[in-house]
2 protein chains.
Amino acid sequence: MRVVKEAEARRNEILDAADELFGQKGFDGTSTNDILEKVSIARGTLYYHFKSKEDIMNALIERYNTRILGTAKVIAADKSIPIIERIVRVVLSMNVSGGSENQIMEHIHKPQNALMHQKIQKIIINGVTPIMTEIIREGIAKGLFSTPFPYECMEMVVAYTNTVFDDDMVEMNNEERTSRIQAFVFNTERLLGAESGSLTDIMQMFGSENGGNNE
Amino acid sequence: MRVVKEAEARRNEILDAADELFGQKGFDGTSTNDILEKVSIARGTLYYHFKSKEDIMNALIERYNTRILGTAKVIAADKSIPIIERIVRVVLSMNVSGGSENQIMEHIHKPQNALMHQKIQKIIINGVTPIMTEIIREGIAKGLFSTPFPYECMEMVVAYTNTVFDDDMVEMNNEERTSRIQAFVFNTERLLGAESGSLTDIMQMFGSENGGNNE
DNA sequence: TTTCACCGACCGTCTGTCGGTCGGTATTAT
DNA sequence: ATAATACCGACCGACAGACGGTCGGTGAAA
């Protein structure tokens with residue numbers, strides 16, 4: 001049957017379907033036919049809205065991009081939140097993505113979606129780092145931190161969390177995870193030249209993020 | 001024409017061809033036909049030696065694995081080399097891979113080979129980190145370094161260098177690269193609790209690695 | 001005569017293309 | 001105001017081309 005919609009509405013339908021399918025079966029594992037069936041459109045329609053399958057992925061990433069960085073920016077700019085808490089929240093917003101759709105990132109970390117994962121990681125490293133750095137500079141001004149290389153510091157922190165914590169890159173049981181987080185907090189304090197123990201609050205929130213989402 | 005060879009010889013021919021082709025055109029961009037033509041064998045022969053295209057990639061990665069970690073282990077175990085120099089050499093061995101085939105890793109860092117890259121990165125992080133950690137412990141015993149978390153420290157260092165320096169993950173011009181290395185050395189010193197400036201030698205060797213290979 | 005490396009025709013599935021169709025909307029004539 | 005017309009954006013589905021993987025069969029060496 002023939003159903004006509006506005007281009008943007010249709011585009012989003014396709015993206016929503018692709019989002020779910022890529023999450024379940026990976027990019028390579030999802031055929032364009034899978035998407036067609038899910039949206040109930042014909043082949044030509046898909047290629048009317050997107051020029052290729054990879055184009056769909058790029059559009060999806062663009063959506064993630066906007067959401068993730070948008071959320072991070074809002075949090076980072078809210079100077080009413082204490083600096084350290086703001087840092088924690090920005091870090092968390094990278095994984096949970098802020099809103100009701102908290103299963104966005106969960107799918108990404110699978111061996112199947114390597115390319116998508118790589119592209120998102122690139123966006124996070126190059127997008128989140130400057131946002132975090134701004135907070136760090138604030139902290140330096142207030143005497144909380146002390147480093148001549150705030151940007152590179154945060155780049156290291158962001159790159160590390162994104163490879164080791166977000167992935168199946170390093171396999172850990174809960175115990176190893178806990179010690180990894182302890183060490184991470186300690187190391188971050190050293191990198192930032194923060195007083196020992198001043199970031200320990202981070203650990204708790206990290207821990208709860210893993211166990212289960214409470215709001 | 002029909003040419004018969006020992007299975008292992010043929011396997012290596014196929015791997016060599018795949019290595020070069022994947023490097024040039026990426027994994028997805030290389031068809032099995034490309035490999036067949038290059039090796040001058042028939043379809044069935046390829047699938048006699050490998051059960052799938054991905055199997056070829058995994059065998060390739062296994063080769064890298066052996067070479068990279070093998071080289072790293074040899075260097076790390078040579079206690080005649082001063083600790084800091086050993087660290088530098090291990091880091092370098094990750095990129096140059098030791099021997100005459102120094103173009104192995106160059107191809108990997110392309111958006112096309114995302115899956116292969118991810119798998120190799122996993123091997124490096126989980127394989128090189130313990131090797132490096134051993135050296136660090138030696139350094140701690142000698143009073144050069146001081147950290148309660150040597151493993152997690154090195155994990156951070158290895159993960160960072162592999163994402164930021166080895167990739168097109170972060171685009172940098174030479175100037176940015178230089179400052180990135182300066183900061184990296186500084187940060188690593190902090191992480192390891194090393195005396196400021198004690199690792200500066202690293203910077204020089206890193207610099208030469210980029211410019212051109214001498215020996 | 002058994003075994004091992006090899007062959008190449010063939011299959012199903014995939015992505016992407018292309019000529020053509022349909023329905024709503026703006027425009028014009030009545 | 002209403003009807004005829006022209007237009008265009010959204011949609012369709014048959015099709016082409018290429019790909020990864022299979023299988024029954026072949027030839028040479030052991």
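Below, chain A is the first sequence line, B the second, and so on; all start at residue 1.
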Fill in: Length of the CD-C1' vector between Glu6(B) and dA5(C), whole Å
11 Å
Worksheet item: Any ion pair linking Arg180(B) and Glu176(B) (charged N to carboxylate O, less than 4.0 Å)?
Response: no
Discussion item. Is the shortest side-chain heavy-atom distance between Leu60(B) and Phe22(B) below 4.5 Å?
Written reply: yes
Worksheet entry | Contact under 4.0 Å: Tyr48(B) side-chain N or O vs dA5(C) OP1/OP2 | yes
Worksheet item: Within this structure, what is the CD-to-P distance between Glu8(A) and dA10(D), rounded to whole angstrom?
Response: 11 Å
Discussion item. Between Val4(B) and Asp34(B), which residue's closest nucleotide on DNA chain D lies nearer the 5′ terminus?
Written reply: Asp34(B)
Worksheet item: Which whole-number value in Å describes the distance from Lys25(A) NZ to dT13(C) C1'?
Response: 13 Å
Worksheet item: Between dT22(D) and Tyr47(B), is there an OP1 or OP2 to side-chain N/O distance shorter than 4.0 Å?
Response: no
Practice prompt. May I ask you to evaluate whether Thr32(A) reaches the phosphate of dT15(C), defined as a side-chain N or O under 4.0 Å from OP1 or OP2?
Written response: yes
Discussion item. Whole angstroms only, please: what is the CD-C1' distance between Glu13(A) and dC11(D)?
Written reply: 13 Å
Practice prompt. Give a yes or no on whether a donor-acceptor pair under 3.5 Å exists between the nucleobase atoms of dA28(D), that is its base, and the side chain of Arg2(B).
Written response: no
Fill in: Selection from dC6(C), dG13(D), dG8(C) that lies nearest to any side-chain heavy atom of His49(B)
dC6(C)
Worksheet entry | Whole-Å distance separating the CG atom of Leu36(B) from the P atom of dG21(D) | 12 Å
Practice prompt. Would you mind reporting whether Asn58(A) and Lys119(A) have side-chain heavy atoms less than 4.5 Å apart?
Written response: yes
Worksheet item: For Asp16(B), which of Arg63(B), Lys38(B), Arg10(B) qualifies under salt bridge (Lys or Arg N to Asp or Glu O under 4.0 Å)?
Response: Arg63(B)
Worksheet item: Under 4.0 Å: is that the gap between some side-chain N or O of Asn33(B) and OP1 or OP2 of dC19(D)?
Response: yes
Worksheet entry | Rounded interatomic separation in angstrom, taking CZ from Arg11(B) and C1' from dC4(C) | 16 Å
Worksheet entry | Distance test, side-chain N/O of Thr45(B) to OP1/OP2 of dA5(C), below 4.0 Å | no
Response to the item:
The nucleotide from dT17(C), dC6(C), dC12(D) with an atom nearest the side chain of Ile41(A) is dC12(D)
Discussion item. Under a 3.5 Å threshold, yes or no: a donor from one side chain and an acceptor from the other, between Arg190(A) and Asn187(B)?
Written reply: no
Discussion item. Whether Arg10(A) contacts dA10(D) is assessed here as follows: a side-chain N or O lying under 4.0 Å from the phosphate OP1 or OP2. Is that the case?
Written reply: no
Response to the item:
In whole angstroms, the gap separating P of dA10(D) from CG of Asn12(A) amounts to 14 Å
Worksheet, complete the sentence: Rounded to whole Å, CD1 of Ile35(B) lies from P of dG20(D) at a distance of 8 Å
